[in-house]
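Structure record follows, encoded as structure tokens.
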Amino acid sequence: MKGLYLLKLGGSIITDISKAHTAKEDVIRRIFGEIRRSLARRDFNLIIGHGSGSFAHIPAKKYRVNEGLRYSYSMKGAAVTHQTAKELNLIVNRIAIESGLNTLPFSPLNFALGDQGRIKTGDISQISGALKRGFIPITHGDVVIDLERGVSIASTEEVFRFLSGRLKPEKILLATDVDGVFTREPFRKDAELIKFVGSRNIGDVLSAAGSSAKVDVTGGMKTKIALLYEMCRQSSCEGIIFNGNVKGNIMKALSGPGPENATRVKG
Ligand SMILES: Nc1ncnc2c1ncn2[C@@H]1O[C@H](COP(=O)(O)OP(=O)(O)O)[C@@H](O)[C@H]1O
Ligand SMILES: [Mg+2]
């Protein structure tokens with residue numbers, strides 16, 4: 001089988017995080033143009049995941065969905081959060097199809113089960129069946145039924161961690177709104193980009209990485225790098241965190257060694 005790439009489009013790049021429920025359709029269209037050109041150059045299998053940005057993070061935070069079914073409003077919160085995640089997914093998937101890609105959406109709520117915030121089990125037969133037939137599955141961060149908490153939130157990175165354990169990708173590519181993991185918050189003057197992460201420095205990197213400066217209920221850069229390192233170790237693959245706002249970077253990541261300014265992870 002052809003090599004498999006997992007590509008995440010961060011909620012911070014595909015939505016306007018300062019405005020609730022606002023997708024950046026022009027950015028999404030530019031990104032799918034890059035994906036299409038990469039697929040025309042090289043033949044590879046691809047699964048796309050996208051974050052929730054100013055869509056599902058807002059109700060997830062308001063209703064404290066990740067705490068589970070604890071409050072009178074928890075069930076409503078789970079319902080609204082999933083609906084909101086699907087609304088962004090519909091926009092992303094529509095633009096993918098308009099861009100000439102044969103994508104099929106897969107919501108984790110319908111294929112995965114959580115246990116204390118981690119995906120424990122799931123059925124990937126539809127996703128792998130779609131891949132084998134040449135489709136591009138699109139998944140996203142979502143509410144999942146959780147064996148312990150009732151419900152919990154699975155970030156796109158957590159969905160990738162689950163999928164990578166089963167599907168053994170060659171590369172895991174995380175496009176976000178900064179160049180990679182920095183030695184401190186990237187807006188600080190003395191912050192330096194950490195270009196390589198491996199067993200020797202993962203401890204230091206984890207203490208440098210913080211949560212998101214924006215609305216993000218799943219832990220921002222800290223959980224991103226922690227989960228990426230775990231997936232790369234589990235599947236002996238390469239991981240890259242890079243800036244998806246820089247034009248051409250998605251194409252570089254999919255059709256070559258990836259952008260020069262980025263964080264590369266070896267498990
Ligand atoms: N050490 C760090 N290096 C890079 N980003 C960091 C760091 N600490 C905190 N962050 C924050 O993490 C954000 C990226 O995570 P997040 O907002 O969850 O992105 P995404 O929407 O792609 O998941 C950055 O924009 C930044 O605000
Ligand atoms: Mg995030």
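As the structure lists them, so they are numbered: ligands from 1, and atoms in each ligand from 1.
Side-chain contact between Leu4 and Glu170 is absent, with no heavy atoms from C-beta onward closer than 4.5 Å. Residues Leu7 and Ile47 fail the side-chain proximity criterion, which asks for heavy atoms closer than 4.5 Å.
Contact detail for Cys232 and Gly239: the closest heavy-atom pair is SG-N, 3.5 Å. Nearest approach of Ala191 to Glu185, heavy atoms of both residues: CB-O, 3.5 Å. Considering all non-hydrogen atoms of both residues, Lys266 and Tyr229 come closest at O-CE1, 3.7 Å. Across all their heavy atoms, Ile13 and Lys24 have their closest contact at O-CD, 3.6 Å.
Given atom 17 (O) of ligand 1, the protein heavy atom at minimum distance is Ser212 OG, 2.7 Å. Looking only at protein heavy atoms, the nearest one to atom 18 (O) of ligand 1 is Asp216 OD2, 2.4 Å. Nearest to atom 27 (O) of ligand 1 among the protein's heavy atoms is Ala213 N, 3.5 Å. Nearest to atom 13 (C) of ligand 1 among the protein's heavy atoms is Lys214 NZ, 3.8 Å. The closest protein non-hydrogen atom to atom 23 (O) of ligand 1 is Lys224 NZ, 2.7 Å.
Using a 4.0 Å cut-off between charged nitrogen and carboxylate oxygen, Glu148 and Lys120 do not count as a salt-bridge pair.
The shortest heavy-atom distance from Gly180 to ligand 1 is under 4.0 Å. In this structure, Gly244 does not count as a contact residue of ligand 1, since none of its heavy atoms falls inside 4.0 Å of the ligand.
Tested against Asp179, the residues Ile194, Asn249, Asn261 include a single side chain to side chain contact (heavy atoms under 4.5 Å, CB included) partner, Asn261.
Among the atoms of Lys8, some N or O lies under 3.5 angstrom from an N or O of ligand 1. Taking only nitrogen or oxygen atoms, main chain and side chain alike, Phe182 reaches within less than 3.5 Å of ligand 1.
Both cation-pi conditions hold for Arg64 and Tyr71: the charged atom is under 6.0 angstrom from the six-membered ring centre and inside a 45 degree cone around its axis.
With a heavy-atom cut-off of 4.0 Å, Lys222 does not touch ligand 1 at all. Here Ser211 has backbone heavy atoms under 4.0 Å from ligand 1, and that is the only part of it that gets that close. With a 4.0 Å cut-off on non-hydrogen atoms, Asp177 touches ligand 1 through its side chain and not its backbone.
Of all atoms in ligand 1, listed by their number and element, those nearer than 4.0 Å to a heavy atom of Gly11 are 21 (O). Atoms of ligand 1 lying under 4.0 Å from at least one heavy atom of Ala208, given by number and element, are 1 (N). Close contacts between ligand 1 and Thr176 involve ligand atoms 14 (C), 19 (O), 20 (P), 22 (O) [criterion: under 4.0 Å to a heavy atom]. Against a heavy-atom cut-off of under 4.0 Å, Ser12 is close to the following atoms of ligand 1: 19 (O), 20 (P), 21 (O), 22 (O). Each of the atoms 7 (C), 8 (N), 9 (C) of ligand 1 lies under 4.0 Å from some heavy atom of Gly210.
The backbone N or O of Asp16 lies less than 3.5 Å from a partner atom in the side chain of Ser54, making a donor-acceptor pair.
Proximity annotation for atom 12 (O) of ligand 1: of Arg188, Glu157, Met221, Met221 comes nearest, heavy atoms only.
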message: Does Tyr5 form a side chain to side chain contact (heavy atoms under 4.5 Å, CB included) with Arg42? I'd like the steps, not just the answer.
response: CA-CA 12 Å; Tyr5 286 14; Arg42 281 191 48 237; 3.3 Å; yes
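Counting heavy atoms of neighbouring residues, nucleotides and ligands inside a 6.0 Å radius, atom CZ of Arg36 does not exceed 12 of them.
Around the Mg ion (ligand 2), protein atoms of type N, O or S found under 2.8 Å number 1.
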